[in-house]
Amino acid sequence: MTFRKYLVLVGVAVFGSVGDSLLSRGMKDIGTISLSHLQSLVVALANWWVLGGIVLLIGFFAAYMTALSWADLTYVLPATSIGYVIIALIAKFVLHEQVTTARWIGILLITSGVGFVAGGPAFTPLPEHSSPQSQQEHEPELASTPGDS
């Protein structure tokens, strides 16, 4: 896997974690809202923390789509599980939330699962019965060029 692909996976983890944290911070400022009162959702969009979270979550979504274009979901999702650690650290030290021992153990179990999928292929080859055109569309994504590192 190339440096750029690792960078995309890091982007997924960081943009998602920080975006969720900003969104959480903003919603704590706003307080309880309800879908039955749509004006409260509009008010939430005026909060800078919420807007920052939305922008970063759009970045997360773009990086996530990029990663899924060259790797299977069963590879991308576990490979970005470091985001759970980032969220827990932000929650504890920035948002001053209580992170229990049980949650830390759960986070450790989730992130240790990365080791089980990291050794396997990132992309499952297309079945033989698929069209040659669809196979050619995926071949350039898997090929590594000297400038990718």
Tell me whether [X] at atom [atom1] has more than 12 heavy atoms from other residues, nucleotides or ligands lying less than 6.0 Å away.
X      : atom1 : result
Phe60  : CZ    : yes
Trp104 : CH2   : yes
Phe15  : CZ    : no

So which heavy atom on [X] is nearest to which on [Y], and how close?
X     : Y     : result
Leu77 : Thr80 : O-OG1, 3.0 Å
Ala71 : Val76 : CB-CG2, 3.7 Å
Ile82 : Ala13 : CG2-CB, 3.6 Å
Ala91 : Val99 : CB-CG2, 4.5 Å
Ser21 : Ile90 : OG-CG2, 3.2 Å
Gly83 : Ser17 : O-OG, 3.0 Å

Could you grab the distance from atom [atom1] of [X] to atom [atom2] of [Y], nearest 0.5 Å is fine?
X      : Y      : atom1 : atom2 : value
Leu51  : Leu23  : CG    : CG    : 10.0 Å
Asp29  : Trp49  : CG    : CH2   : 8.0 Å
Ser40  : Leu35  : OG    : CG    : 8.0 Å
Thr66  : Arg4   : OG1   : CZ    : 13.0 Å
Leu108 : Thr111 : CG    : OG1   : 5.0 Å
Leu56  : Phe61  : CG    : CZ    : 15.5 Å

Sub-4.5 Å side-chain heavy-atom contact between [X] and [Y]:
X     : Y     : value
Tyr64 : Leu73 : yes
Ser24 : Leu95 : yes
Val85 : Leu89 : yes
Val18 : Ile87 : no
Leu45 : Leu41 : no

(Q) Do the side chains of Arg103 and Glu97 get close enough for a salt bridge, i.e. N-O under 4.0 angstrom? (A)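 So Arg103 does not pair with Glu97 through a salt bridge.
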
Review point. Between Val42 and Leu38, does a side chain to side chain contact (heavy atoms under 4.5 Å, CB included) hold up when you go through it step by step?
Key: CA-CA 7 Å; Val42 174; Leu38 291 179; 5.8 Å; no

When you measure from the side chain of Asn47 to the backbone N and O of Val50, does any donor-acceptor pair fall under 3.5 Å?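 Yes; at least one donor-acceptor contact below 3.5 Å.
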
Checklist entry - Any chain of hydrophobic side-chain contacts (each under 4.5 Å) joining Leu22 to Val43? => result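 Different clusters.
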
